[in-house]
Number of protein chains: 2
Amino acid sequence: MQFTNSYKEESVIPDDSVVRPKVKIINCPIKTSLGILGKKWTLLIIRDIGFLKIQRFNRILDSIHGLTPRVLSMRLKELEKEGLIECIEETKSPTRVLWRLTDKGKDTLPILIMLTAFGSKWYSSIVFEDKMPRKLNEIFPQLETKKIFNTYINNS
Amino acid sequence: MQFTNSYKEESVIPDDSVVRPKVKIINCPIKTSLGILGKKWTLLIIRDIGFLKIQRFNRILDSIHGLTPRVLSMRLKELEKEGLIECIEETKSPTRVLWRLTDKGKDTLPILIMLTAFGSKWYSSIVFEDKMPRKLNEIFPQLETKKIFNTYINNS
DNA sequence: TGTTAAAACTATACAAAGTATAGTATAAAA
DNA sequence: TTTTATACTATACTTTGTATAGTTTTAACA
């Protein structure tokens, strides 16, 4: 997925109940985020590394059906270049590498959580064994779900 | 973006601080959500219809640079089939159609808001005129940002 | 009463991106 | 010494997306 940089999106904003930002926006932050996160496989790779703690090249390959080594290699490089992941060398004899999220990478987790929430509500019949829709606190009772979004919301 | 349905992702869950769901998951909800929302242009089209209230075929085309009529036509059909958008005929003489989000479609807005938050924090230099990172309440003071997520979080 | 214009697509050829398969380099374990 | 594992890289092929143009319907305009 590639997005060009020219920006026409905010030019026309009609009136009725539009969610209108109160600060001047030059480039749409959604489009900007999707420029990195919107490519095929990228969010699943972040899910593996950050959520499931599947952090090695071949483990990720095993985990994501359809993903090929070439594309995984490209995506890891892109994510590393964008500062979302970093690699730590476990050993250097049989080159053993672990990938982990940076602070910037960790800030994508609220997006993954919202994708989880959406899927758990509207696709519960294929997601859950009992086919019942669930809210986030039912899926992750150990997480203080409201605190997840503190990075992005001021508590004033 | 197309994702196959076989599910191997939850098979290996190592130990340290994995976000482990407390209910049995058959298909990953993130992968499931991305099956519909993860295709190129889809989230930008939802942004137009739901956020910016750009709701007509050619208005959306004008708004999203690089999107072609063929792909827009395909995406609108996919989204309609999946029940995320519906069309209302304004007039039928010069066929004038308006697209709007269904309740299911509106439930994708928290995902868009998180993409906004991520872009506003980490790409503020290209998003905002003054290049300063911002939290959600600063961008949308009129929105009760915490309430946006009520659909997905139990208040018990 | 043509002609133009707008809306909402549809068709075709072409280009970019992703996929399948196989191969490389390194080094430890059997 | 052969096998296995890790982390890629290369090549050909297939799918998907892109650019350009065309179609249909009606309505307003000259």
Side-chain angles (χ1 to χ4, degrees), chain A residues 1-6 8 12 14 31 34-46 48-49 53-81 85-100, chain B residues 1-6 8 11-12 14 31 34-45 48-49 53-81 85-100:
Chain A
M1 251 193 220
Q2 199 82 17
F3 290 101
T4 51
N5 267 336
S6 82
K8 298 200 283 179
V12 184
K31 195 178 93 173
L34 288 172
I36 323 113
L37 303 174
K39 286 189 172 179
K40 192 172 176 180
W41 308 117
T42 299
L43 283 170
L44 290 180
I45 293 166
I46 293 174
D48 270 22
I49 297 171
K53 297 286 186 292
I54 299 171
Q55 294 166 307
R56 311 255 290 266
F57 192 88
N58 282 347
R59 287 317 113 241
I60 297 170
L61 270 186
D62 293 345
S63 154
I64 302 174
H65 184 81
L67 178 61
T68 59
R70 176 175 177 256
V71 175
L72 177 56
S73 179
M74 282 162 37
R75 292 292 175 275
L76 290 173
K77 277 203 190 73
E78 288 159 14
L79 287 170
E80 193 183 27
K81 194 183 164 201
I85 61 171
E86 59 193 0
C87 91
I88 38 171
E89 289 214 339
E90 241 187 355
T91 67
K92 57 186 172 190
S93 37
T95 345
R96 206 176 273 242
V97 168
L98 272 181
W99 293 97
R100 68 175 172 204
Chain B
M1 249 194 222
Q2 199 81 17
F3 291 102
T4 51
N5 266 337
S6 83
K8 298 201 282 179
S11 54
V12 183
K31 196 178 92 173
L34 287 173
I36 324 112
L37 303 173
K39 286 190 172 178
K40 193 173 176 179
W41 308 115
T42 299
L43 283 170
L44 289 181
I45 293 166
D48 271 22
I49 297 172
K53 297 286 185 297
I54 298 170
Q55 296 166 306
R56 309 255 291 266
F57 191 88
N58 282 347
R59 288 317 113 240
I60 297 170
L61 270 186
D62 292 344
S63 153
I64 302 174
H65 183 81
L67 177 62
T68 59
R70 176 177 175 254
V71 175
L72 176 56
S73 178
M74 282 163 36
R75 291 294 175 275
L76 289 172
K77 279 203 186 77
E78 289 159 13
L79 287 171
E80 192 183 28
K81 194 183 165 203
I85 61 171
E86 59 192 2
C87 91
I88 38 170
E89 287 214 340
E90 238 188 357
T91 67
K92 56 185 173 191
S93 38
T95 345
R96 205 176 275 241
V97 168
L98 272 183
W99 293 97
R100 66 175 172 205

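The CG-P distance, from B:Leu44 to D:dG17, rounds to 14 Å in whole Å. Here D:dT6 presents its P atom at 14 Å from CD of A:Gln55, a figure rounded to the nearest Å. A straight line from CD1 of B:Ile64 to C1' of D:dT18 spans 15 Å, rounded to a whole angstrom. With rounding to whole Å, B:Ile88 atom CD1 is found 16 Å from C:dA7 atom C1'. When rounded to the nearest whole Å, the span between CD1 of A:Ile60 and C1' of D:dT6 equals 13 Å. The CG-C1' distance, from A:Leu72 to C:dT21, rounds to 17 Å in whole Å. Nucleotide C:dC9 holds its P atom 13 Å from the CG atom of B:Leu67, rounded to whole Å. Across the protein-nucleic acid pair, B:Asp62 atom CG and C:dA6 atom P stand 12 Å apart, rounded to whole Å.
Applying the 4.0 Å criterion to OP1 and OP2 of C:dA17, one finds that A:Trp41 has every side-chain N and O outside that range. Using a 4.0 Å cut-off, some side-chain N or O of B:Lys40 falls inside it from OP1 or OP2 of D:dT18.
With contacts defined as side-chain heavy-atom distances shorter than 4.5 Å, the pair B:Ile54/B:Ile49 does not qualify. Taking the side chain as every heavy atom from C-beta outward, A:Trp99 and A:Leu76 approach each other to under 4.5 Å.
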Could you go over nucleotides 7-9 of chain D and give all protein N or O partners under 3.5 Å, atom names and distances?
from, atom 1, to, atom 2, distance (Å)
D:dA7, OP1, A:Val97, N, 2.4
D:dA7, OP1, A:Val97, O, 3.0
D:dA7, OP2, A:Phe57, N, 3.2
D:dT9, OP2, A:Ser73, OG, 3.4
D:dT9, OP2, A:Lys77, NZ, 2.9

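Contact check on A:Arg75 versus A:Glu78 returns a salt bridge, with a Lys/Arg side-chain nitrogen under 4.0 Å from an Asp/Glu carboxylate oxygen.
Closest non-hydrogen pair, B:Pro69 versus B:Leu61, comes out as N-CD2, 3.6 Å.
Once rounded to the nearest 0.5 Å, the distance linking CH2 of A:Trp41 with CG of A:Asp48 reads 11.5 Å.
In this structure B:Arg100 satisfies the salt bridge (Lys or Arg N to Asp or Glu O under 4.0 Å) test together with B:Glu86, sequence neighbours excluded.
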